[in-house]
Amino acid sequence: MVKPRVLFVGTGFFAATILEALFDTSTLVGAVTQPPRPQGKNKERLDNPVAVVAKEKNVPLLTPDKIGTSFEVLEALTPDVLVVADYGQIIPERILLLPPHGALNLHPSLLPRHRGATPIESAILEGDDITGVTLMVMDSKMDHGPVVAVIEHKLSGNETVLELEAVLASKAAALLTSTLPNYLEGTVTPHAQEHSKATFCKMLTREKGYIDGSTTVLQALRMYRAYQPWPGIWTTVTVNNKPKRLKLLKVKEWKDFLPEDTNVLFRNDDKLGLKLADGALIIEEAQLEGKKVQPAKDLINGLRV
RNA sequence: CGGGGGGUAGAGCAGUCUGGCAGCUCGCGAGGCCCAUAACCUCGAGGUCGCGGGUUCGAAUCCCGCCCCCCCAA
């Protein structure tokens, strides 16, 4: 069988894992990814995961500011199909319709649940029992097209977003490579999503990681697992009469402990606690605004808890 | 020219505004107490107050320059 000519479009780790899998099972005519953005303290322009893999495998790499402007270039690559994962840009419909077999998208959730930018985080945040990866035909609306195939994944309730992303990425790669030939031969029939059951998730912001005394322990722990490494969970404390952000980098539940007349930040022996709505967290590592990461012991000493 | 916080004993921090004995908590050492302890008590060691210059009788503190760390924003 002739390997399909695939044009890959994606950006992050999830996408890069899929690109790697495609390398063996298809002819990659090109990889489109976001241009390198300045990041980190030195504002370095680092290659994203897809760019790294593409260079490693000698796949032609394209990094247009807007993919819509590259229509002619992409057309010249004569792909059979477009495979999109975690790209981070809206792709114009004329690009989606460019290859004879259209565009497929791998979305790390069980569509129509968690349409949008942060499906993996949302599954953890909402305490889903099960999630998965959906392979779908793209149409003009976001994560809206007919479903080609699905693979499920049961959640333990303890995984972090990074762990879950890694699992879903490899499942996505397996789902795509096993399904793509059948799709191209027309032996699988995509079926429409139940649009009435759709839920949507929005992009994350720093503010979403804020917790305080009105947050429940369950919420806080879900946020803690969903928001690593960014935006993380944080609260505010008063230092020298000024409010400061305290990033909570390592926490766990303070089991069997219900603080009553304590401050929001409190101490019990050598443990540092944060009082929440229905219990407390043990803070093991945190970072005060402008300071380095500190273990609980140093925070107790410095903050005079 | 992006906005801001910081550098003081091994660790984390006060003190700086308003110049006048180098402090706090922890750790470390010695001793004590105790059936016992990471608890408690007593004593002790440990400082180039980031670096350089200036003002002053006197600078961690005020002025000028420099180095380094971090938060936010992108």
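The structure displayed is predicted, hence computed values, not measured ones. Note on naming: letters A, B, ... go to the chains in the order of the sequence lines (proteins, then strands), and numbering restarts at 1 for each one.
His114(A) and Asp143(A) are not linked by any side-chain donor-acceptor pair at a separation below 3.5 angstrom, with hydrogens and angles left out of the test.
Picking from C71(B), C72(B), C26(B) the nucleotide with the shortest atom distance to the side chain of Lys297(A) gives C26(B). Comparing C70(B), A11(B), C72(B) against the side chain of Lys292(A) picks out C70(B) as the nearest. Here the nucleotide nearest the side chain of Lys247(A), chosen from A14(B), C72(B), A11(B), is C72(B).
In this structure, Asp270(A) atom CG and G12(B) atom P are separated by 18 Å, rounded to whole Å. Between the P atom of G3(B) and the CZ atom of Arg245(A) lies a distance of 19 Å, rounded to the nearest Å. Rounded to a whole Å, the CD atom of Gln294(A) is 4 Å from the P atom of C13(B). The interatomic distance linking Ile300(A) (CD1) with G27(B) (C1') rounds to 14 Å, in whole Å. The distance between atom CG of Asn301(A) and atom P of A9(B), rounded to the nearest whole Å, is 14 Å. Rounded to whole Å, the distance from CD on Glu289(A) to C1' on A73(B) is 12 Å. Atom CG in Leu299(A) sits roughly 16 Å away from atom P in G27(B) (whole-Å rounding).
Looking only at side-chain heavy atoms (C-beta outward), Tyr224(A) and Leu248(A) stay at 4.5 Å or farther from each other. The side-chain heavy atoms of Val148(A) and Thr134(A), taken from C-beta on, include no pair separated by under 4.5 Å.
Dashed line: the shortest gap from a side-chain N or O of Lys244(A) to OP1 or OP2 of C72(B) is not under 4.0 Å. Side-chain N/O atoms of Gln287(A) include one lying less than 4.0 angstrom from OP1 or OP2 on C71(B). Between Lys291(A) and the phosphate of C13(B), there is a side-chain N or O to OP1/OP2 separation shorter than 4.0 Å.
Comparing Leu288(A) and Gly302(A) against RNA chain B, the residue whose closest nucleotide sits nearer the 5' end is Gly302(A). Nearest-nucleotide assignment on RNA chain B puts the 5′-proximal partner with Lys242(A), out of Arg267(A) and Lys242(A).
For the P atoms, the distance from G31(B) to G20(B) is 40 Å, rounded to whole Å. C43(B) and G3(B) have their C1' atoms separated by 50 Å, given to the nearest Å. Comparing the C1' positions of G27(B) and A38(B) gives a spacing of 12 Å, expressed to the nearest Å. The same atom, P, is picked in C69(B) and in U8(B); the two are 14 Å apart, to the nearest Å. Rounded to the nearest Å, the gap between the C1' atom of U48(B) and that of C41(B) is 35 Å. One P atom belongs to A39(B), the other to A30(B), and the distance between them is 15 Å to the nearest Å. For the P atoms, the distance linking U55(B) with A74(B) amounts to 46 Å, nearest Å. Nucleotides C51(B) and C33(B), compared at atom P, are 45 Å apart to the nearest Å.
Of all nucleotides present, only U25(B) satisfies the Watson-Crick or G-U wobble test against A11(B), with each distance under 3.5 Å. Partner assigned to C40(B) is G32(B), using Watson-Crick or G-U wobble distances below 3.5 angstrom. A45(B) is unpaired under the Watson-Crick or G-U wobble criterion, no partner having all donor-acceptor distances under 3.5 Å.
Clustering ILVMFWY residues whenever any of their side-chain heavy atoms sit less than 4.5 angstrom apart, transitively, puts Phe14(A) in a cluster other than the one holding Val9(A).
Contact annotation for Asp298(A): backbone-only contact, meaning every heavy-atom pair under 4.0 Å involves sugar-phosphate atoms and none involves a base.
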Between Asp47(A) and Lys55(A), is the salt bridge (charged side-chain N to carboxylate O under 4.0 Å, His left out) condition met? List the steps. CA-CA 10 Å; Asp47(A) 283 339; Lys55(A) 286 181 180 176; 2.7 Å; yes
Below 3.5 Å is the cut-off: list the nitrogen or oxygen pairs between protein and nucleotides 38-41 of chain B, distance only.
none

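Using a distance-only test at 3.5 Å, with no hydrogens or angles considered, no donor-acceptor pair links the side chain of Gln294(A) to the main chain of Ile300(A). Remark: side-chain polar atoms of Trp234(A) are not paired, donor with acceptor, to backbone N or O of Ala286(A) under 3.5 angstrom. Counting only distance, with no hydrogens or angles, the side chain of Thr69(A) and the backbone of Lys66(A) share a donor-acceptor pair below 3.5 Å.
The environment of CD in Glu194(A) is sparse: at most 12 heavy-atom neighbours from other residues, nucleotides or ligands sit within 6.0 Å.
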